[in-house]
Amino acid sequence: MSISIRLSEGELAAIKDYARAYGMTVSECIRNAVLERIEDEYDLKAYNDAMEEYKKNPVTYSLDEVEKELGL
């Protein structure tokens with residue numbers, strides 16, 4: 001699959017320089033950046049959802065308690 005994006009000359013130069021510095025192609029660099037951003041957004045949503053749940057029921061367990069409950 002192919003995707004086209006519009007970049008200024010300065011933006012493209014910055015991406016090329018970054019990619020070259022890390023031994024990547026421009027395509028790999030952009031793909032990695034986008035996928036990392038998506039993962040970060042999912043992680044942030046999971047965190048926010050967990051915090052909301054914790055606020056509703058603020059119960060915590062120690063590592064020892066969890067291990068005992070799981071039989072570890």
Side-chain angles (χ1 to χ4, degrees):
M1 176 182 278
S2 178
I3 296 175
S4 296
I5 60 171
R6 292 178 204 214
L7 301 168
S8 71
E9 288 182 27
E11 291 167 334
L12 180 57
I15 292 170
K16 283 182 177 181
D17 289 344
Y18 182 89
R20 190 177 311 111
Y22 288 93
M24 295 184 277
T25 66
V26 169
S27 195
E28 289 171 320
C29 180
I30 293 170
R31 181 172 41 280
N32 289 346
V34 169
L35 292 175
E36 285 178 22
R37 176 64 185 260
I38 291 169
E39 183 179 343
D40 289 347
E41 292 290 331
Y42 281 136
D43 290 345
L44 182 58
K45 179 166 182 357
Y47 167 79
N48 287 331
D49 291 348
M51 285 304 294
E52 285 301 313
E53 185 64 30
Y54 174 76
K55 288 176 185 175
K56 292 177 188 174
N57 184 20
V59 177
T60 61
Y61 301 94
S62 70
L63 179 57
D64 290 337
E65 290 171 323
V66 172
E67 287 176 343
K68 184 177 179 181
E69 181 69 25
L70 296 175
L72 301 175

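- Put simply, the side chain of Arg20 reaches to within 4.5 Å of the side chain of Asp17, judged on heavy atoms.
- To the nearest 0.5 Å, the span separating OG on Ser27 from CD1 on Ile3 amounts to 9.0 Å.
- Looking at heavy atoms from C-beta onward, Tyr47 lies out of side-chain contact with Asp43 at the 4.5 angstrom threshold.
- Residues Ile30 and Val26 are in side-chain contact: their nearest non-hydrogen atoms beyond the backbone lie under 4.5 Å apart.
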Side chain to side chain contact (heavy atoms under 4.5 Å, CB included) between Val59 and Tyr54, worked out: CA-CA 7 Å; Val59 177; Tyr54 174 76; over 6 Å; no
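- In the hydrophobic clustering of this structure, Leu35 does not group with Leu44; members are Ile, Leu, Val, Met, Phe, Trp, Tyr whose side-chain heavy atoms approach within less than 4.5 Å, directly or through other members.
- Glu52 has no carboxylate O lying under 4.0 Å from a charged side-chain N of Lys56, or vice versa, which leaves the two without a salt bridge.
- Annotation: side chain of Asn48 is not in contact with side chain of Lys45 (no heavy-atom distance under 4.5 Å).
- Here the straight-line distance linking atom CD of Glu9 with atom NZ of Lys16 works out to 9.5 Å at 0.5 Å rounding.
- Other residues sharing the hydrophobic cluster of Tyr22, ordered by chain and number and joined by side-chain separations under 4.5 Å: Tyr18, Met24.
- Residue Val66 comes nearest to Tyr61 through the heavy atom pair CG2-CB, 3.8 Å, listed as atom of the first residue, atom of the second, then distance.
- In terms of hydrophobic clustering, with Ile, Leu, Val, Met, Phe, Trp and Tyr side chains grouped at heavy-atom distances under 4.5 Å, Tyr42 and Met51 are assigned to different clusters.
- No more than 12 heavy atoms of other residues, nucleotides or ligands shown are found within 6.0 angstrom of CD on Glu69.
- Shortest non-hydrogen contact noted between Ala19 and Thr25 is CB-O, 3.8 Å.
- Contact record, Ser62 with Glu65: N-OE1, 2.7 Å, taken as the closest heavy-atom pair.
- For CG of Leu70, the number of neighbouring non-hydrogen atoms (other residues, nucleotides, ligands) closer than 6.0 Å is greater than 12.
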